[in-house]
2 protein chains.
Amino acid sequence: METNERQQLYAFDEQRYIPQLSIDCVVFGFHEQQLKVLLVNMHQTPYWALPGGFIQQNEDVDDAAARILFQRTGAHDIYLEQFYAFGKVNRNFTDVHRQIMAQIGLKAGEDHWIFRRFVSLGYYALVHFPEVDISSGMLKEPCAWFDVHQVPALIFDHNEIVQKALETLQRSLDEKLVGFKLLPETFTMGELQSLYETILGVRLLRTNFQRKILSMQILERTEKRFSGGAHKAPYLYRFIPKLNQI
Amino acid sequence: METNERQQLYAFDEQRYIPQLSIDCVVFGFHEQQLKVLLVNMHQTPYWALPGGFIQQNEDVDDAAARILFQRTGAHDIYLEQFYAFGKVNRNFTDVHRQIMAQIGLKAGEDHWIFRRFVSLGYYALVHFPEVDISSGMLKEPCAWFDVHQVPALIFDHNEIVQKALETLQRSLDEKLVGFKLLPETFTMGELQSLYETILGVRLLRTNFQRKILSMQILERTEKRFSGGAHKAPYLYRFIPKLNQI
DNA sequence: GTTTTATTGTATCATTATGGTACAATAGTA
DNA sequence: TACTATTGTACCATAATGATACAATAAAAC
């Protein structure tokens, strides 16, 4: 976010938004055997934060989350799932915002809306890593991907939000079969297993993982992939959900 | 709630609360083989609603939910779990509130805070049915228990909230072993099975259910219960969670 | 007091799911 | 042509689950 954007944020028409309510998004991507989280560097500070925003009076909360993500990533149709509302009474962020305001030459009274206590709705998002261009968003504040197990100290309670998002994702992996939303259209069984191992934080036995996934009858086998290694070529699979699933 | 209480609600100091954010509680109890939900009859109308309220500026959201429940039931230390935030843009309830205001002789301008769009945080609560006296709360609006499968048409989107609470409870039964929070200190295996069957909406095989629950090593067997039936007396069990659980 | 009845606790079998090993198939490399 | 690393699948051992059988017993019927 450029200074100008920050100024607009602090000056924005608070009538247009629901006060004291925010959205924070934990965007997951899968790249090089790692589960990544998208973080935003707050204007000219060493602080990293989750991408977030506010809810317009005339939009659904779910739509607000989608809009916020679009503004950051330029991507539509991102898979989004609300997972928790964070509502501790001390969720006000006066110090950080005062510091940023000072940097961009803004003076704000004690009663500025941003100094109030905020309840934040946590969403997690699953994206196809290569399809997201983090520089293509409307907002110019620098973004970066971090390994979910190497997330730096974040502002506010954002580390806690990441943790809870990860736990929810782990539970959802088998329940909702959301893992495929982190992979491209076609993928090998090894890539899928690597994804599961990374998210769950455990090693799985290759043969049994393959048997279990195939027995679910949710994968269509396409052609073989001839590429690279000095070994048998793996098949490529495509996710075909059963009718009673999403 | 008496007319006086309703008047206080509409007149209350909105500065003291977070605007446009509410809490709705789905209170579950287990009685006579049925899963019951606590509903509130809205002041002199045929409308039933979930017990709910608002969040004070100086309290955690979780504490607000506990306070709201205490005001209704007079009970402390109720098991509470937040499960979803409902945030459709059309969640404003002008019609019903106008009707109630008319009944109690209140006139309110178009800009009254209650007419705004609200985001509501859904909590489900698990209580020991016989220990809750629904007439003992501070609020006098009439409450009643309804079979969760016979809930009447509720105001706003409250039927949807009940449905989502039930689904969350079903998933939590095995995951968090919360079922015991609906039973008294000691109970028979039959009562526990009946609870599971009612919540999950399926019939379970008695012998296998018993084997599964006992193998979890979370029950302590106490004395036998001699009471009633012309048959062998069942043992009474007490829930003893393992250390790595809550 | 004896028999009957309904329910409880447990044992046992069959079936399915899961953990773990073995091995043939094969695309590329030496 | 032999070798290597990985893949797909078969196979066995163990654990979990589905289903049936049966002895034990508190109260009611007689």
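Numbered from 1 within each chain, the chains take letters A, B, ... in sequence-line order. Computed from a predicted structure; not experimentally measured.
Residues A:R91 and A:D157 are paired through a salt bridge, judged by an N-O separation under 4.0 Å between the basic side chain and the carboxylate. Using a cutoff of 4.0 Å between basic side-chain nitrogens and carboxylate oxygens, B:K88 and A:D63 are not scored as salt-bridged.
Residue A:Q210 contributes atom CD, which lies 16 Å from atom C1' of C:dG19 at whole-angstrom precision. For the pair A:D174 CG and C:dA17 C1', the interatomic distance rounds to 13 Å; values are reported in whole Å. To the nearest angstrom, P of D:dA5 lies 23 Å from CE of A:M189. Taking atom OH of A:Y196 as the reference point, atom P of C:dT18 lies 13 Å away to the nearest angstrom. We find that CE of A:M216 is positioned 8 Å from P of C:dT18, with the value rounded to whole Å. Note: CZ (A:F187) to P (D:dT7) measures 15 Å, nearest angstrom. Here C:dA27 presents its C1' atom at 16 Å from CD of A:E223, a figure rounded to the nearest Å. If you take CD1 of B:I213 and P of C:dT8, they are 15 Å apart, rounded to a whole angstrom.
Of the listed nucleotides (D:dG8, D:dA26, C:dA27), D:dG8 has the atom at the smallest distance from the side chain of A:P234. Considering only side-chain atoms of A:R221, the nucleotide from D:dT9, D:dA26, C:dG9 that sits closest is D:dT9.
Between the side chain of B:D60 and the backbone N or O of A:V89, at least one donor-acceptor pair lies under 3.5 Å.
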Identify every side-chain donor-acceptor pair in residues 22-39 of chain B under 3.5 Å, counting partners at least two apart or on other chains, and give the distances.
unit_1	atom_1	unit_2	atom_2	d
B:S22	OG	B:S120	OG	3.0
B:D24	OD2	B:S120	OG	2.6
B:Q33	OE1	B:S194	OG	2.6
B:Q34	OE1	B:K36	NZ	2.7
B:Q34	NE2	B:D147	OD2	3.0

Distance-only check: which donor-acceptor pairs under 3.5 Å involve side-chain atoms of residues 76-86 of chain A, not counting sequence neighbours?
unit_1	atom_1	unit_2	atom_2	d
A:Y79	OH	A:E81	OE1	2.5
A:E81	OE2	A:K176	NZ	2.9

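Remark: A:R221 is positioned above the aromatic ring of A:Y235, its terminal NZ or CZ atom under 6.0 angstrom from the ring centre and at most 45 degrees off the axis.
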What is the per-nucleotide protein-contact pattern of nucleotides 15-24 of chain D, from the 5' end, where B denotes a base atom under 4.0 Å from a protein heavy atom, S denotes such proximity for sugar-phosphate atoms only, and - denotes neither?
-> --BBBBB--B
